[in-house]
Chemist: 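My questions all concern the structure below.
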Number of protein chains: 2
Amino acid sequence: MDVAEGGRDLLFVESLERGMRLLAAFRGTTDSLGLTELAAATGLTKSAAQRFAHTWERMGYLEKDARSRRFRLGIRVLELGFFFLRGHPLAGRAMPHLLAVRERLGVAVNLSLRDGADIVYAVREPDQRLTLAEMLPGRRMPAFCTSAGRALLAHCGDDELDAVLAAPGRIRYTPHTETDAQALRREIETVRRQGFAIARDQVLIGQIGVAAAVPDFGRQPAAAVNMTMTTDQWGEARIVRELVPQLMAVTEAISRG
Amino acid sequence: MDVAEGGRDLLFVESLERGMRLLAAFRGTTDSLGLTELAAATGLTKSAAQRFAHTWERMGYLEKDARSRRFRLGIRVLELGFFFLRGHPLAGRAMPHLLAVRERLGVAVNLSLRDGADIVYAVREPDQRLTLAEMLPGRRMPAFCTSAGRALLAHCGDDELDAVLAAPGRIRYTPHTETDAQALRREIETVRRQGFAIARDQVLIGQIGVAAAVPDFGRQPAAAVNMTMTTDQWGEARIVRELVPQLMAVTEAISRG
DNA sequence: AGGCTCCGTATCGATATGCGATACTTAATA
DNA sequence: TATTAAGTATCGCATATCGATACGGAGCCT
């Protein structure tokens with residue numbers, strides 16, 4: 001469909017976008033939000049915030065505390081994510097394999113999907129003692145600094161890779177986080193050659209990850225499997241020796257179905 | 001705010017509701033949906049389906065296959081659920097306790113929330129070999145036939161309980177599923193007396209669950225913890241003896257923070 | 001291969017619907 | 001109790017959204 005250059009998109013329903021903007025305000029905080037705060041956070045007028053918050057509440061996507069008159073996300077927002085994962089062709093197939101790996105090797109395993117310059121963890125098998133955020137599906141991370149992200153970027157077309165690398169403002173999670181586009185491109189080249197990606201101290205000091213894409217019969221892979229370990233127990237040599245073969249076997253197996 | 005009787009709700013944004021209706025169509029299927037199917041499934045005109053699908057796609061909540069021109073849920077729908085759980089006061093606190101229980105007792109454990117006549121699983125620690133749907137947060141079950149649901153219903157006001165029990169059309173998952181309102185009410189009374197709920201063969205033959213609400217300082221509890229086992233290994237007597245004390249300790253601990 | 005059918009896409013004028021301003025009410029603070 | 005800030009309700013206006021419909025193309029059947 002033609003999104004006329006410059007002219008506005010005739011099929012785009014702005015009310016929907018504004019409504020979602022209000023819900024999205026809850027990404028920024030774990031707190032409840034009042035109407036005025038919502039208006040401020042979204043750039044909507046107070047009237048618009050009032051209408052949308054009211055509508056979301058009536059539909060069950062927001063909950064309103066009767067005393068404080070403040071809003072929170074409602075349980076219902078879990079629903080669509082559930083159906084997304086349940087219907088995802090790879091998630092269901094991957095689960096038993098991930099579980100087996102976690103049992104056998106005692107490392108955390110994830111199935112990750114790419115969304116532009118981010119990856120999203122879809123199916124997770126954490127290895128204990130993690131925080132809630134680290135075990136929930138839906139968590140987003142920049143692709144460039146995670147092993148799964150790099151494994152997936154390695155399978156992009158060059159133009160798409162360029163676009164991701166050209167984007168400014170990469171976060172330095174640690175002093176070792178590589179943010180230089182040239183260096184990242186070389187890293188991706190290496191991943192292309194060897195077929196797996198390793199990311200050490202990129203998000204958290206003392207954490208190392210290894211990942212490989214789930215092949216999809218010549219098409220661009222839709223997902224990657226990654227394992228995450230601590231550097232005190234796992235050096236790169238040992239990972240390549242002991243984990244990479246297992247990793248490749250798992251991605252292979254998931255791909256076959 | 002006054003939702004004038006009969007007259008329409010001036011603050012309700014219908015576009016939002018219609019837009020969500022389109023997304024909600026994906027609850028019914030794991031397949032992709034075409035425009036005509038979407039229109040049929042939602043009762044929207046084809047024009048409306050076109051506009052909303054287009055808008056969702058541009059926002060990343062739907063993905064469109066370029067070849068087939070059919071739509072699927074996009075990864076982005078996971079996002080809000082993630083933030084809901086991350087911000088939920090009980091979920092984060094409960095997680096380590098649930099994990100400990102699973103390790104110690106080898107049973108599946110969940111933190112469940114009630115939403116009207118349903119419960120929604122929020123934090124899950126499955127005990128292996130389960131299907132994907134059984135380990136994902138966001139799964140909905142009728143409250144009346146689950147141990148967690150009964151534990152939460154036991155703490156409702158009578159009017160709310162009446163409303164739930166009055167609703168028609170309870171599903172009989174198994175021949176043992178109790179659907180009679182009177183019998184359920186008696187069951188809930190028992191739960192009130194003893195402080196925990198047991199549900200045997202209610203959803204699946206051979207499955208038994210035990211649950212207790214997480215107390216909230218006299219207010220109505222917001223969540224329940226439930227454990228699920230197989231009946232061949234766990235009879236009611238053994239559950240009461242070995243699991244219920246642990247269950248009460250956990251709900252107590254979560255409540256304290 | 002050709003014709004047919006069904007589905008997705010694009011366009012358009014009418015108007016209901018959502019818009020923001022504003023006045024009112026309630027609750028929190030000192 | 002005065003003051004202030006936040007939430008709630010109302011309303012006339014204008015435009016964003018509506019459904020009908022015409023168009024184009026993919027797939028199917030004969």
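Numbers restart at 1 for each chain; the letters A, B, ... are given by sequence-line order, proteins then strands.
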Chemist: Record whether the side chain of A:Thr36 comes under 3.5 Å of the base of D:dA6 through a donor-acceptor pair of N or O atoms.
Modeler: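 There is none.
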
Chemist: Once you round it to whole Å, what is the distance between C1' of D:dG25 and CZ of B:Arg70?
Modeler: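 For the pair B:Arg70 CZ and D:dG25 C1', the rounded distance is 17 Å.
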
Chemist: What integer distance in Å separates A:Leu10:CG from C:dC12:C1'?
Modeler: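 So the two atoms are 9 Å apart, to the nearest Å.
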
Chemist: Would you say B:Arg72's side chain and B:Thr30's backbone share a donor-acceptor pair under 3.5 angstrom?
Modeler: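 Yes; at least one donor-acceptor contact below 3.5 Å.
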
Chemist: Considering only D:dG19, D:dC18, D:dG7, which nucleotide approaches the side chain of A:Val13 most closely?
Modeler: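 When the side chain of A:Val13 is considered, D:dC18 is the closest of D:dG19, D:dC18, D:dG7.
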
Chemist: Pick the nucleotide of DNA chain D nearest each of A:Glu14 and A:Gly34; which residue has the one closer to the 5' end?
Modeler: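 The residue closer to the strand's 5' end, by nearest nucleotide, is A:Gly34.
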
Chemist: If the test is side chain to side chain contact (heavy atoms under 4.5 Å, CB included), which one of B:Phe84, B:Phe82, B:Tyr121 qualifies with A:Leu78?
Modeler: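 Result: among B:Phe84, B:Phe82, B:Tyr121, B:Phe84 is the only option passing the side chain to side chain contact (heavy atoms under 4.5 Å, CB included) with A:Leu78.
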
Chemist: Check every strand shown and say whether B:Phe12 touches a base, only sugar-phosphate, or nothing at a heavy-atom separation below 4.0 Å.
Modeler: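 Result for B:Phe12 = sugar-phosphate.
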
Chemist: Rounded to the nearest 0.5 Å, what separates atom CD in A:Gln50 from atom CG in A:Leu22?
Modeler: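 Rounded to the nearest 0.5 Å, the CD-CG separation comes to 11.5 Å.
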
Chemist: Check this for me: does the side-chain of B:Arg51 come within 3.5 Å of the base of D:dG19 through a donor and an acceptor?
Modeler: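 Side chain to base: pair present.
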
Chemist: Quick one: on DNA chain C, does A:Ser68 or A:Ala48 contact a more 5' nucleotide (nearest heavy atom)?
Modeler: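 The residue closer to the strand's 5' end, by nearest nucleotide, is A:Ala48.
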
Chemist: Which nucleotide in the list D:dT17, D:dT10, C:dG20 gets nearest to the side chain of B:Leu11?
Modeler: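 My answer, after comparing the listed nucleotides, is D:dT10.
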
Chemist: Choose from C:dT9, D:dT8, D:dG19 the nucleotide whose nearest atom is closest to any side-chain atom of B:Arg69.
Modeler: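 Among C:dT9, D:dT8, D:dG19, the one nearest the side chain of B:Arg69 is C:dT9.
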
Chemist: Is a donor-acceptor contact shorter than 3.5 angstrom present between the side chain of B:Lys46 and the base of D:dG19?
Modeler: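 No such pair is found, so the answer is no.
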
Chemist: NE2 of B:His54 versus P of D:dC18: gap in Å, rounded?
Modeler: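 Atom NE2 in B:His54 sits about 13 Å away from atom P in D:dC18.
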
Chemist: Does D:dT17 have OP1 or OP2 under 4.0 Å away from a side-chain N or O of B:Ser47?
Modeler: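 Checking B:Ser47 against D:dT17: no side-chain N or O falls below 4.0 Å of OP1 or OP2.
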
Chemist: Atom CZ of B:Phe52 to atom P of D:dG19: distance rounded to whole Å?
Modeler: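 Rounding to the nearest Å, CZ of B:Phe52 and P of D:dG19 are 8 Å apart.
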
Chemist: Map A:Leu33 and A:Leu16 onto DNA chain D by nearest heavy atom, then report which one ends up closer to the 5' terminus.
Modeler: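 Its nucleotide being nearer the 5' end, the pick is A:Leu33.
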
Chemist: For the pair made of CD in A:Gln50 and P in D:dA5, what is the distance, rounded to whole Å?
Modeler: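 A:Gln50 atom CD is separated from D:dA5 atom P by 19 Å.
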
Chemist: Between B:Asn226 and B:Ser112, is there a side-chain donor-acceptor contact under 3.5 Å, judged purely by atom types and distance?
Modeler: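 Present: a donor and an acceptor within the cut-off.
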
Chemist: Quick one: is D:dG19 close enough that its OP1 or OP2 comes under 4.0 Å of any side-chain N or O from B:Arg18?
Modeler: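 Indeed, a polar side-chain atom of B:Arg18 lies that close.
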
Chemist: Please state how far atom CG in B:Leu35 lies from atom C1' in D:dG25, giving the value in whole angstrom units.
Modeler: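 For the pair B:Leu35 CG and D:dG25 C1', the rounded distance is 15 Å.
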
Chemist: Among A:Phe71, A:Phe26, A:Trp56, find the residue that satisfies the ring-ring contact (aromatic ring centres under 6.0 Å, His included) test when tested with A:Tyr61.
Modeler: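 For A:Tyr61, the ring-ring contact (aromatic ring centres under 6.0 Å, His included) test succeeds with only one of A:Phe71, A:Phe26, A:Trp56, which is A:Trp56.
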
Chemist: Atom CG of A:Leu38 to atom P of D:dT8: distance rounded to whole Å?
Modeler: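 Value for this atom pair: 12 Å.
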
Chemist: C:dG18 P sits how many Å from A:Leu44 CG, rounded?
Modeler: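 Atom-to-atom, A:Leu44 to C:dG18, this comes out as 15 Å.
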
